[in-house]
Amino acid sequence: MTAQLGEFLLIVGGAGLLAAIAAAVLRTLATRARAARAGLIVGSAALLGALALFIAAHARADLQLAAVAARCDASLEIPWRIVAAWSGGEGYLLLWASLASCVASAVALGRRRVVCRGEPITLAALASIPLVLVGVMLSDADPFRTLATAPAEGHALHPQLRHWAMAVHPPLLCLGMSASAAPFALVAGALWARRGDRHWVARVRPWVILAWASLGAGIAVGAFWAYVQLGWGGYWAWDPIENAALVPWLLLTALLHALMGHERRGVGKVWTAALSAAALTLTLLGAAVARSGLVQSVHAFAAAEGAGVLAIAAALVAVAAATLIIARGDLLAPDSSPAPAATRDIAITIGSTLLVGMAAAALLGLITPVAVRIMGGVGLGVAPAFYRRTFVPAALLAGVLMALAPMLPAAPGRARWRGLGIATSAAAVGIALAFLSGVRHPAVLACAAVLAMMASLPILQGASEVLEFSRASGYGIAQAALRVLDRTRRRIGGQIAHLGFACVMLGVAGSSLLAARATAALAPGESLTLAGRTLRLIGVRESRRGDANEVRAEVTLDGNATLRPAQRFHDGYDAPTPSVALDSGLAADLYVVLAGWEPNGARATIEARVNPLVAWIWIGAGLMAVGGGVSLSPRLLPRGTPIVAASPRAPHVSPMPGAEAPIPDAPAIHARGLACRAGGVDVLRDASFDIAAGTMTAILGCNGVGKTTLLRVLATLARPSAGTLRLFGGEPEAARGSIGLLGHQHMLYRDLTALENLVLAARLHSLADPRSRAIEEIARFDMSHRADERVGRLSRGEAQRVALARTLLHRPRLVLLDEPLTGLDTEAVVVLCETLRDMMRRGSTVVLTLHDPAAARRIADRVLVIERGRLADAIEPASPRSAERVEASP
């Protein structure tokens, strides 16, 4: 029954995926998208059901299934039976197909309310990968194939795979390979729809980060398993199967950095498209090599199940990507007027090029043994010395660029020598600490310098931002830190990942260049000394543990700790399985293996290794995974939600300097019979009103009724054709320096940064200490983290925040705002309202135009309504007692 149900679910899953692909050729766009989503959901549900059924068959040791009988036995503990489900080729394919279909469904559901021309192409491309895997399973590697006669006992999971790392290593790799299809599919959909803009980059980035973090974590876990389980003393042997995962990870790393240039400056679009296609292509090619049977590796699958199909799929992806890139070459050209590259952008470009070069070197090691075997030669591979000569200098240079890039100028001509000075000082401290610890090798000293620079950046920059934000906004340190973290989590995640990369570099350099090794045949009581550590053999014992005969040596370390390296002979396996004894620390690992023994225990051969700094590899891998998680995390708080309840000591908006001014009795604005003509049309007719000082007045009206014209007249930018206007009891021109105006367009200089715009405005208003005033105002609107970003790269809402900060910078007596809420989130609206109320307490008068009557009644003291250029009436704002309608002033 299990086999029949499993086969049925595989067929249903394949049919659903095929339907999603077929939906791309339907006539109506909305119908195509809905049909593709439905097919993906059905396909992913069926494949997840098949995976659950396959795991359940392993958990109960259903030996009728050939895949279960080959790797599972009732004597195994249940956790290892579940691990056995994906230790073979069939289960690995089923796990990959299930996760790939889930990724496709997630992409589809993430845009279910938005339909664009490229959406069916994206979904069809995503459905193709799990469909190919289902085809391989149904033809060559059926996980539900049954045996004619169920054996009495199965062949238990290999002892070296009975480790917690094997419970997470394959799922992480499969998740990374599945997520790597999403960037290419999204890019293909955007190009098919002829979208060459930067906006779809935000949709691609999370999937790139997910694929990068999952693949990286899977590689690290696999390296740790090799280190503690295989007993050879290392963690990376540069065999082709290891390179099969490393190559796409390096390309995804380069893609992450290429997306920055694409989004910020509109350049490198071909680079982005090519890297997304290359990552998926080489993921499929690596899987084909692992299943080809042409490469000898502890990571390879023995049977050649579906290798040819996967290789053909990789070739098709490459051809499709090349065709699409060539056909849409005009869309992938740089923007017509790209911003000149800054020093930071150049550093990022060089770093990305180095990553691609490293991927090319690893690719050579991946395909060389396969090519030699296909041509009839022996399994010749690329020697590890080749990788040391290529990867070590490239990784060191990339690490230096990663450390320096955030401190380099973000815009041309903007030097940040202070940051470079801090980086240099940190590097000197790192080298000094490593030197005092006894390190003399130049490469390790260089890695220590890079690590010190990368550690100094987030600490110093983060502390500076928190202190500055706290001073300018009135928040306490803890509140300001939460706010800065909430706003800059993507950048902080990148800094954490860079720090993790530096830790990995330090660990690899130290363990590769400073390692020591000694082997000795010892009798009980004899000792071995290595790197100042003394190992003394106590004795050798033989015992029976579970399903294995064990030979265990007892060794004391420096007369204190006892280490117990062993060799186990499991039933059904001829070769022994080593059990490594480890004494781990941040400075070095002592790695002890029982290499041989005499039958009577009179003598044992002990192999000892000192691996310096290897713990930093696992620390760095963890930091990179954490950095990816931080970058993918949602906002800590919903927009508009304060961190803590406001209090008199820490108000949500910092109070403005100066005492509250007395409100004059005379109106701030006195208008009688105002009229204005534009293009022969009476835009404003017979407007008469008074607005008291220290109040907020909202002007309502439909489009084209004269709201903006009225604000321009009040701002003295337009002369009325009739009527009189007095501001603060005098002529309007005399009050120009006391007016702050925000129009429909933010009127900021796009090539200047947000802070530079505000500093310039402060200088034009002759304010004392322009930079401090600009920093204070930009922090008020929560834009400190974007202060050094050019306005042309800001979103609509971010630019609106900066424009509001510039409008209120000089504390104008009359504030005129034309649709100020456009593009603002709830939090920014709260900040704006509190800032305006604070200014009104000091005598400022606010006039703003709105379209929403509910918002006007909620925030304004008075609401005026304009209809066809006339001031029709005034509406008092809602109050607990009444909402009264009154006549306009005569």
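Here the structure is a predicted model, which means the values were calculated and not measured. Positions are given from 1, in the same order as the sequence printed here. For the numbers below, each heavy atom of this structure counts, side chains included, while hydrogens, waters and symmetry mates do not.
Looking only at distances, a side-chain donor or acceptor of Ser276 sits under 3.5 Å from a matching main-chain atom of Ala273. Arg81 contributes a side-chain N or O that, together with a main-chain N or O of Leu76, makes up a donor-acceptor pair within less than 3.5 Å. Proximity of a side-chain donor or acceptor of Ser214 to a complementary backbone N or O of Ala211 within less than 3.5 Å is not detected. Of the possible polar contacts, none joining the Trp86 side chain to the Leu95 backbone as a donor-acceptor pair under 3.5 Å is found. Without hydrogens or angle criteria, Ser44 side chain to Cys102 main chain gives no donor-acceptor distance under 3.5 Å. Under a 3.5 Å cut-off, the side chain of Trp225 and the backbone N or O of Gln160 do form a donor-acceptor pair. Not a single donor-acceptor pair under 3.5 Å links the side chain of Glu242 to the backbone N or O of Trp236.
Using bins of under 30°, 30° to 60° and over 60° for the plane-to-plane angle, the ring pair Phe224/His163 lands in the tilted bin. Ring planes of Tyr591 and Tyr227: tilted class, angle from 30 to 60°.
Every residue meeting the salt bridge (charged side-chain N to carboxylate O under 4.0 Å, His left out) condition with Asp62, not counting sequence neighbours, appears here in chain and number order: Arg60. By the salt bridge (charged side-chain N to carboxylate O under 4.0 Å, His left out) test, Arg328 is found to be paired with no residue, residues two or more places apart in sequence or in another chain being considered.
Close placement of the His498 and His257 rings is indicated, their centers lying within 6.0 Å of each other.
Side chain to side chain, Ser511 and Tyr235 meet the donor-acceptor criterion of an N or O pair below 3.5 Å.
Taking the charged nitrogens against the carboxylate oxygens, Glu90 and Arg71 do have a contact shorter than 4.0 Å, which makes a salt bridge.
With a 4.5 Å cut-off on side-chain heavy atoms, Ser87 and Leu157 count as touching. For the pair Leu51 and Leu94, the minimum side-chain heavy-atom distance is below 4.5 Å.
The side chain to side chain contact (heavy atoms under 4.5 Å, CB included) with Ile21 is formed by just one residue from the set Leu126, Leu131, Leu123; it is Leu131. When Leu285, Leu133, Thr283, Val289 are each tested for a side chain to side chain contact (heavy atoms under 4.5 Å, CB included) with Leu310, only one passes: Leu133.
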